[in-house]
Amino acid sequence: MSERSMPLSWRKETKPHKFCPGCGHGLVLKALGMAVDSLDIAEKVVFGCDIGCSLLAWDFFDFDTVQTHHGRVVPFIVGAKRVRPNLVGIAYMGDGGAYAIGVQHLVNATMRNDRIMVIIVNNTVYAMTGGQMAPTSLPGQVTETTPKGREPFREGYPLRGPEMIASFAPEGAYIARGTVSRVRPLSHVMERALKNLLDDRGISVVEVLSTCPTNWRTDAEDTWKYLEKEMTDYFPVGELVSS
Amino acid sequence: MNNGKPINEERQVFMYGNEVVVWAALAAGAEFLFGYPITPQNEIMHYWSHLAPRYDRGFLQTEDELSAGFATLGGIMAGACCFSATSGPGTVLFQEPLSMAEMMRIPLVLIVQQRGGPSTATVIYSQQEVFLTAFGGNGEGLRIVYSPGSHQEMYDLTIKAFANAWEYRFPALVLGDGYQAQMREPVTLYDPPRRGIILKPPSPLVGLEGVPGKEREPAHWRNAFSVEEELYDALKPIIDDFHWAAPTLTQKEEGFIEDAELIVVAHGIVGRSAEAAVRELRKEGMPVGFFRPITLRPFPDNDIKKVLHACPRLLVAESAQGQLAKLIRIAVGGELEHSIEMYTYFRPGLGITSEEIMREAKSVINRKREESLSAVLL
Amino acid sequence: MTSGNRRIVIGGEGGQGVQAAADILAQAAFEEGKKALYIPNFGIEQRGGTSLAFVQIGTETVGSPKFEHAHLVVALSSRSLERLQGYMNEDSIILFDSSLLEPPQVSDEVVGRQTFNTIAPETFAERRLTGQRQKFPEMLPKVRAVFGLPASEMAQTKLHPRVANIIILGTVAGFTKMVTLESVEAALEKRLAHKIERDPALKDLNLKALEWGWQSAGRMLEGLVPAGEIP
């Protein structure tokens, strides 16, 4: 596949997109767009976004897209897929939606091995609401609700979501963690995740380490350093469950 | 087997209310139920999961009511006729998917079998989910709420809920209760088209034909807006549509109004007690009538106004602390609000028998007669 | 009383078959083309606890599913009898399982115009269940009549312990005379169809129990209620 600046499945009319400068969402969606292009499945895709920054993807693609509520994109896509098994349902959400308010949906969809793809953008904060502590905020991380840094004794340790669901993932599930610092490998992960669905094997969950300089209050260099060092140290990148 | 239709010839059966709901949903063409256990609606899931495979329908037991609601929305948007059922705290969680359905015009059908509240309270019965079903959620209560008074109405109105949800594209709720869910009585099952009831075939909003962006525009659905004017522009036509549809949606039953000195107003199963009480009182020569709203939302405003113009004295009986009474006050509004004389019989979470209504109605009438008598004597 | 319909409430402990008896009775009335409504009273408990069943049958449209006073109050346990007291008035007839409950002490002062009859004692002379019998509540409202029927003992000694509720069903149907014995038999067979298929002997056993209950009702009534005045 030749490297394009813009995947075919991106909707040109809505570009440039609405994410903040330096935000990782555009890169996640680029990796997804490349994977869909390479499998040529745009016609089958139903793309659902959560609320939070992920909602800004509601008109991002030339896919049929629905923006839902906080944490609820997983059951929404489960419903669509259950009645139309030939669809490729993709639930796109942040770490707050996946691991806090909607964690029961992620856990149960994994348990049932629902044939859907879940993409979780982990940027260690609630971004759209103004930078509060997320389930994924790192120890010591300063957020609006942890002004002196996340104190594990009080606020607990960050949740490693993929590891959690990998602990009980059924046969056929695909669970991986990628990073926006390496978009091409990320798009390969996305492609494998989608293939897992097309082969009707099981659920596919991809967490992507991403950036939020707006809420991290970092410049370009520190943003990248935080992603590459602190985050990647705590959240190891790679495939956790595959076959 | 038959032609795949759950019901061909009409037949009278003796059934539990939850079973009636399932046959109505099957007859109305519901294809999928997403549900979560909560008493007293559980048998809806039980009967459905037993019958669904026979008619090639689907079922999924979800992890909670939020999931049941959003999966139902996903299923409907993907083009299938889906529904769910719940009660009490489950109805509270259902407000979230219901509000999305209101904003995006998704024909979500929800059966509610009321249990006692607040909190977990009883699993038995109440009429305390009137406000929750009619006006719950952040928004404007853009739903259709039916309150059946018998198993026959449970069947008729469940079918109607599907028909009108898809026709008008508003969520439609059938507000039953634990008594209706758990009791057994006769009901006539029928195939809706044979009675001239039109059920629109479902159509998808996503997963459409053709390659999006090439052969057609992609379908992009949202319910979040950047600025308040944008929301207002999106919401106003929905509110207008609801008001436009209201007169055709409203439904009520009334009787013995003409010479009545008192109108008993009640809904659902209590409406049935009220009707029985009024019939008995008439046998005793008491000038009492009854009015039973069948749609609680939209409320039959004009009908009740007409009745209260003829007889402004009413007795509101309900198994809640004045939820129906408040709906009546909203409905009559304006001048009439000052001229009506409202007596109330509120029993939150308790069943109300015909005998109780008879006693209350008699005491109001007798008190009034004594008052007018003493006025004459003075 | 607001209608000519018969109102019956049956109470017992979970597992005594109270709901099945009530349900079959209502089904029989429905099959005869009568108006019928049956509603179980239920609580949070899945098993155990008292279980009440409400039935209304007749020719008039049934109003509310629950009612204040029953024409016939049936008690299969002491605990349920306490709950059932609220449904009694001077028109009520009380039927209790006398092999499970101690017969009430006859005292006009306490229970008003009360009598109680039991079936001829020959088959139950041993009173083997006496030791397990529960106390009949001391206070009863003024009622029309009280009947004791040793249904459990009869079932245990002559038929099968499981059919005590069917005996009661027969008696209740016989008391109310709103349905024919044939209709109740048909409803019973319909209900037990699956079980009878597996064990054909069950059919005879249940029909015997039903008939015995029905006849007992006749015999009890003969001693008390004038012809034409059916409780």
Side-chain angles (χ1 to χ4, degrees), chain A residues 8-14 18 40-49 51-52 55-89 91 101-109 111-112 114 116 128, chain B residues 30-34 36 57-82 84 93 95-101 103-104 106 108 138 202 204-226:
Chain A
L8 273 172
S9 50
W10 277 24
R11 184 159 178 80
K12 291 176 205 67
E13 291 84 340
T14 57
K18 312 176 192 86
D40 194 20
I41 53 167
E43 196 179 355
K44 288 183 171 181
V45 169
V46 170
F47 184 69
C49 7
I51 197 145
L55 97 89
L56 297 174
W58 75 275
D59 60 354
F60 197 97
F61 286 105
D62 272 333
F63 302 154
D64 290 350
T65 305
V66 183
Q67 173 248 316
T68 67
H69 288 195
H70 199 21
R72 314 295 169 228
V73 68
V74 167
F76 181 91
I77 293 294
V78 166
K81 177 73 180 180
R82 289 272 169 169
V83 306
R84 293 265 303 275
N86 59 331
L87 293 177
V88 174
I101 196 169
V103 70
Q104 74 275 38
H105 308 312
L106 179 67
V107 166
N108 283 276
M111 178 195 80
R112 292 188 300 255
D114 273 303
I116 64 166
M128 185 164 269
Chain B
E31 294 163 85
F32 217 105
L33 168 64
F34 296 93
Y36 184 77
R57 319 287 171 97
F59 172 68
L60 179 69
Q61 183 174 326
T62 59
E63 57 274 16
D64 59 18
E65 288 87 352
L66 292 164
S67 179
F70 280 93
T72 307
L73 295 177
I76 294 169
M77 289 192 80
C81 179
C82 306
S84 191
L93 292 185
Q95 296 310 318
E96 208 191 316
L98 278 167
S99 80
M100 177 161 151
M103 188 78 229
M104 295 172 87
I106 305 170
L108 172 65
N138 56 332
L205 299 171
V206 293
L208 308 171
E209 290 275 313
V211 183
K214 277 189 193 157
E215 297 161 25
R216 62 170 174 92
E217 289 294 293
H220 285 157
W221 298 94
R222 64 159 169 169
N223 45 45
F225 303 91
S226 305

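Sequence lines set the chain letters: A, B, ... in the order given, protein chains first and strands last, and positions in each chain run from 1.
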Please look at Arg84(A) and chain B and tell me whether the side chain, the backbone, both or neither of the residue comes under 4.5 angstrom of a heavy atom of that chain. side chain
Interchain contact, Arg72(A) with chain B, by part (heavy-atom threshold 4.5 Å): both
Hey, is Glu43(A) close enough to Arg216(B) for a salt bridge, meaning N to O under 4.0 Å? no
Heaviest contributor of heavy-atom pairs below 4.5 Å to chain B, chosen from Leu55(A), Leu87(A), Thr68(A), is Thr68(A)
Between Glu31(B) (side chain only) and Cys81(B) (backbone N and O only), is there a donor and an acceptor less than 3.5 Å apart? yes
Single hit among Lys81(A), His105(A), Arg82(A) for side chain to side chain donor-acceptor pair (under 3.5 Å) with Asp114(A): Arg82(A)
Do side-chain atoms of Arg11(A) reach the backbone of Asp59(A) as a donor and acceptor pair under 3.5 angstrom? no
Under 4.5 Å from any heavy atom of chain B - which part of Val46(A): side chain
Taking only Lys NZ, Arg NE, NH1 and NH2, and the carboxylate oxygens of Asp or Glu, determine whether Asp62(A) and Lys12(A) approach each other closer than 4.0 Å. no
Tell me, side chain or backbone of Met103(B) under 4.5 Å from chain A's heavy atoms, or both, or neither? neither
Sorted by chain and residue number, the salt bridge (Lys or Arg N to Asp or Glu O under 4.0 Å) partners of Lys44(A) (sequence neighbours excluded) come out as none
Option that, when pairs with chain A are counted at under 4.5 Å, heavy atom only, ranks first among Ser99(B), Ala224(B), Gly58(B): Ala224(B)
Residue part contacting chain A, namely of Thr72(B), when any heavy atom lies under 4.5 Å: neither
Go through Leu208(B), Asp64(B), Leu205(B), Thr62(B) and name the one with the most non-hydrogen pairs under 4.5 angstrom from chain A. Asp64(B)
Contact part of Phe61(A) toward chain B, heavy-atom cut-off under 4.5 Å: side chain, backbone, both or neither? backbone
Less than 4.5 Å to any heavy atom of chain A: does that hold for the side chain of Met100(B), its backbone, both, or neither? both
Side chain, backbone, both or neither: which part of Leu73(B) has an atom under 4.5 Å from a heavy atom of chain A? both
Does Gln104(A) reach the main-chain N or O of Glu63(B) with its side chain, forming a donor-acceptor pair under 3.5 Å? no
Examine whether an atom of Ile77(A) lies under 4.5 Å from a heavy atom of chain B, and if so say whether it belongs to the side chain, the backbone or both; otherwise answer neither. neither
Which residues satisfy the ring-ring contact (aromatic ring centres under 6.0 Å, His included) test with Phe32(B), sequence neighbours excluded? Phe34(B)
